[in-house]
Structures are given as structure tokens and as C-alpha cells.
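First up is the structure itself, then whatever we jot down about it.
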Number of protein chains: 2
Amino acid sequence: MADPMYRQIADELRQKIESGELRRGAQLPTEIDLREQYGASRNTVRDALRLLITRGLVETRPGQGTFVSERISPLVTTLSNPDTGGSGEVGVYEAEALQVREASAGPVRVEIQEAADSVARELQVKSGATVVSRHQQRFVDGTPWSLQTSFYPMGLVAQGATNLLQATSIDSGTMAYLDEALDVKQAGWRDTLTVRAPNENESLFFKIPSDGRVAVIEVVRTAFDQHGGPVRTTVTVYPADRNQFVFASGDIPPVVDEGGS
Amino acid sequence: MADPMYRQIADELRQKIESGELRRGAQLPTEIDLREQYGASRNTVRDALRLLITRGLVETRPGQGTFVSERISPLVTTLSNPDTGGSGEVGVYEAEALQVREASAGPVRVEIQEAADSVARELQVKSGATVVSRHQQRFVDGTPWSLQTSFYPMGLVAQGATNLLQATSIDSGTMAYLDEALDVKQAGWRDTLTVRAPNENESLFFKIPSDGRVAVIEVVRTAFDQHGGPVRTTVTVYPADRNQFVFASGDIPPVVDEGGS
DNA sequence: CCGTATTTGTTCGTATGTATT
DNA sequence: CAATACATACGAACAAATACG
């Protein structure tokens, strides 16, 4: 009488998934069916399913059913040193897709805000100081992939970097633009990764449960100029169940295809 | 009728925790008390508590009660480029503690194993090939912090690096040792971060719930020698609810103390 | 050491709400 | 609109872990 029943059920289902008996994308029996199959109550079945959800093996869709997650070969995001590989753009997260994947992005939403504590700390300004925020939704193969918001000190605009207020996508070249406009160069950056539960916006956008069963990964990248002052801080949020992050450093060979099992 | 009740309860409790009304380590009202306070059923209260557990705010101890997590200012692990800061040791994860923290480690457990698929892929050997594994438990301030296992191709031992089989802690200098013994130098490395549910060992060691409510972060660091061949792959697992990772690149100023709220 | 009270963990049954088809 | 399937919520009972006299 070792494991509780809900964990036994979860284990059996997990085995069926990993053995391929239940394929990716396939629909699991409904909770009612599982209740009968395992002689458990629906609540117990749901406890088992919650375990599988947390482990990223299945996902539930209200009104539809429970399905084996397609996920697999997680999206790989490279946060490498540009001195290392030839990853051109500095300050842009790049999905290094082993498979062919199509990345797209929503419109840029520009706002003038008062800096929250966390942002103020990164930008080394007073809490509540005025900052420019540029927010964007990103998709890969049409599915929600990340939410990204960049914050710039308002001082940069006052000094002439007025394009920061434009709602056009200059993200791939903002640092180049700042160099050109203000002679501000990016000398380095710092990435901070944190795992936490999603907030309401995030669970809606990523279509992950709102009860925290699936975490999100928050990457805060703060870029510094040649004088050691913070120029920009970018907060990017990814769902944790379908992402991996790679840091490369030094001289290493390119990645070989792995061919997921 | 916006949020479900269990989330409202969780929000109120979260507020009490963040405002300091419930201090770190303090015991929350029992589930029975909360049931009466909020006019909800015990199951609904437990749903709310599960949310807070997942967010790392509280933890439950059977027979005792529910307590505000001590956690706080997460441990920061730097995975930086050595060219950047002066972070001496290459290939060693370093807890950059803003507070004074005491790191310790358990004994090294050396084993000869057949490489699992994931390890074989990283070391670019055939699946099932013989490898040396060196496993260690790590603690910070006496609490479990990480589980680390390094894998080396058996070929290195055959070539003379016999010290790899010794159960003494040479971890901080294994790469230096390999340089000396075999003229193998570390030219670079690749870190891969994945978030997943803990396995049984991990949940026991870290004392986190075994149902996957708290994720773990798995960092796989593979080091490459001057010829681009993999020398070592190190798998380190951290509980996700009390850790942050920092990757610094280029020329950036040192971290300033933040003084948690 | 034992027994009891307390507290969380697991499981059941049931009812109703909400999203999708 | 109806049927289906998951989401939320209630109430109840017993088990297991812990604390304490």
C-alpha cells in the first residue's frame, strides 16, 4: 500500500504516454471514463491528471478533453555571449530551432510608466521614476511563445532618442539606434532567470492553467553601456513546460541534431 | 464574479504575507480556521494553499501546519563567462551570496555506469558506453541546495586520468587535473537549463512535495576541450522555488545590494 | 513509551458553473 | 439549443504525521 491511488493512476498513464501507447496529441479518456477504468472517484482522477499536467505530459482543454502534450523537443533559446558563436543581434533572444519554426511577433505597445520596484532596481533609478516600456507578444508556429517588455529610462528620450516612443518594431536595432543617436554602446549585459507561477495575463496568453501548475520562466536582461550605466532592462516570460535555455561560453562546437526519442 | 474563490483566498493570504502581516516562518491558520474565516469548504481552502505552495510562498508540514516559507532572497547562482567577471573557477557553480551563507557538500560518490541517453548525447558517446559519474549533495546554511553529478568518458581514465575514480573532492580542480594529466584544456562550455518536476530522490532530498507542485531546475553543463570534444557533462538540479540564475556577459558593473522588501 | 489531540493528506460522492462542439 | 468535458465548490470520512502530556 505504498503510493496513494492518484499517483498510481498518474504513473500508469505516464507509462502509456512514454511507451507510445498514447501518442502526442492524442486524447486521453475523459475523466468519467478514467473514473470507471481505475475504480476511483473523479476527484482522484483529477489529482492524477494534475500531476501529469505539472510534469508537462498532458494538457486539459475545457469542453474538449485531456490531451497528450505535443511539446517534445522544447524550444531552445540561446542567451549566449556574442563573442562566442556568431549570434549576430545583441540583446535579442533568439529561438535556435533545430526544427523549422516560424517566429512572428505582435505589434509593439509603447507606454510611459512609473518604474516598478524591480524595474527601478535594474535601471538604477528611483522607484516610480518615469520609464518607457515597449511590450510585445511573440509566437512560434502560431502558438504563444513569449511575452517581452523592455524598459528604458526616460532620460534617454530627453537626450534625443525619441524613436523609443515610436510603436514600430525597432527592437532588433534599438541598441544600434541608441549608439547612433546618443553614442550609447552596449558594453555588456546580465541575465537573471527566475522560475515562478504565471500571473493572469500570462496564463491567458500562454493558455496554461491559472492555478500555477505550470510555471513560467522570467528572464531579465539588463544591458549596460560603456560607462557601466544600465541602458535597458528587458523582461521576457516563457512557459516553463516547453522551453529550454542554453548559455554558451568560449569555444565550442556547433550543436548536432538529436532526433528526439 | 471574476476570480474563483480559491484564488481570491490565495490572493488575500498572499497579500498578508507580502505586507508582512504574516511573517516568514509564521504559521498560517489551520485549514479548519481558514475554512471558517472565508466561509469556504476545506477543499477550497486547500486549493488556495496549493497555489501559494506552487508560488513558493508557504509550505505545509503534515501534522504541524502551514507556514510562510523562509526562503526569501533566492540563492543566486552565477553561470558567467569567466572572461567577464573575475569568477575564478571554471566549471564550478558558484553561489554568489549577497548575504553570508555557508556552503558545504556531502561526500563524492564515484560510480562506473553505462551512459544514459541524455548523457551519451552530451558526451557524444554511444548510448550505454561506460562513463565515470561523480555525484555530490550540496548544502547552503545546512539546507539542501543542489544535487550534482558529473560524467566523464571512461576513455579519460584509460588515458591516465585515474584520479577521476577517487572519491575525494577534486571537483574544483578536475579540469586543471585533466590539463595536467592529459593536456586536456577546457576551451568552452554549454549550459542547458530545463525546468521540470522533481523525481522521488529530488523531492526527498530538497524536502519539496512529490506531486510536482514545486519544479526543479536542471542545469546541464558540458565542457569541451581545445579540440571541440566533450570532456565532461555536469548535471546539477536545484529546487526552483528558491533559486535564481545569473549569466553575465561583457563589461558590466558589480551587483549592488538590494535589500529585500 | 503510550495514547490522545491536532493538523495535513487522500478519497469519496455530489452539485453546479463554464467552455466547446 | 443540447450534449460533452473540464472547472469549481461543498461536505464527509478516514489515514498518516506530528506534538504533547
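Throughout, a chain's letter reflects where its sequence line sits, starting with A, and its residues are numbered from 1. Here the structure is a predicted model, which is why all the values come from computation and not from measurement.
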NA contact type, B:Arg7, heavy-atom cut-off 4.0 Å: base, sugar-phosphate, or nothing? sugar-phosphate
Choose from D:dA5, D:dA9, C:dT7 the nucleotide whose nearest atom is closest to any side-chain atom of B:Thr30. C:dT7
Contact under 4.0 Å: B:Thr44 side-chain N or O vs D:dC10 OP1/OP2: yes
Atom OG1 in A:Thr192, atom CZ in A:Arg221: separation rounded to 0.5 Å? 10.5 Å
To the nearest Å, how far apart are A:Arg50 CZ and D:dC6 P? 15 Å
Return no unless some side-chain N or O of A:Gln64 is found under 4.0 Å from OP1 or OP2 of D:dT4. no
Tell me whether the rings of B:Phe247 and A:Phe247 are parallel (<30°), tilted (30 to 60°) or perpendicular (>60°). parallel
Identify whether any heavy atom of B:Arg42 sits under 4.0 Å from a base atom; if not, whether one sits that close to sugar-phosphate; answer base, sugar-phosphate or nothing. base
Figure out the CD1/P separation between A:Ile9 and C:dC12, and round it to whole Å. 7 Å
Rounded to whole Å, how long is the line connecting atom CG of A:Leu49 with atom P of D:dA5? 14 Å
What is the distance, rounded to the nearest whole Å, between atom CD of A:Glu59 and atom C1' of D:dC6? 13 Å
Mind calculating the distance between CZ (A:Arg61) and P (C:dT21) to the nearest angstrom? 9 Å
With the side chain of A:Glu31 defined as its heavy atoms from C-beta on, choose the nearest nucleotide among D:dC6, D:dA9, C:dG13. D:dC6
Would you say the ring centroid of B:Tyr38 lies under 6.0 angstrom from that of B:Tyr6? no
Spacing of B:Tyr38 atom OH relative to D:dT8 atom C1', expressed in whole Å: 18 Å
Tell me: CZ of B:Arg35 to P of D:dA9, nearest whole Å? 16 Å
Where the side chain of B:Met5 is defined as all heavy atoms beyond and including C-beta, which of D:dC6, D:dC10, C:dC12 is the nearest nucleotide? D:dC10
Do A:Val132 and A:Ile112 have side chains that get closer than 4.5 Å, going by heavy atoms? yes
Would one find a side-chain N or O of B:Arg46 under 4.0 angstrom from OP1 or OP2 of C:dG9? yes
Go through B:Arg50 and B:Thr54 one step at a time and tell me if the side chain to side chain contact (heavy atoms under 4.5 Å, CB included) criterion holds. CA-CA 6 Å; B:Arg50 174 163 45 220; B:Thr54 308; 4.2 Å; yes
Is the phosphate of D:dA7, meaning OP1 or OP2, less than 4.0 Å from a side-chain N or O of A:Thr60? yes
Euclidean distance, atom CG of residue A:Asp3 to atom P of C:dT10 [Å, nearest integer]: 10 Å
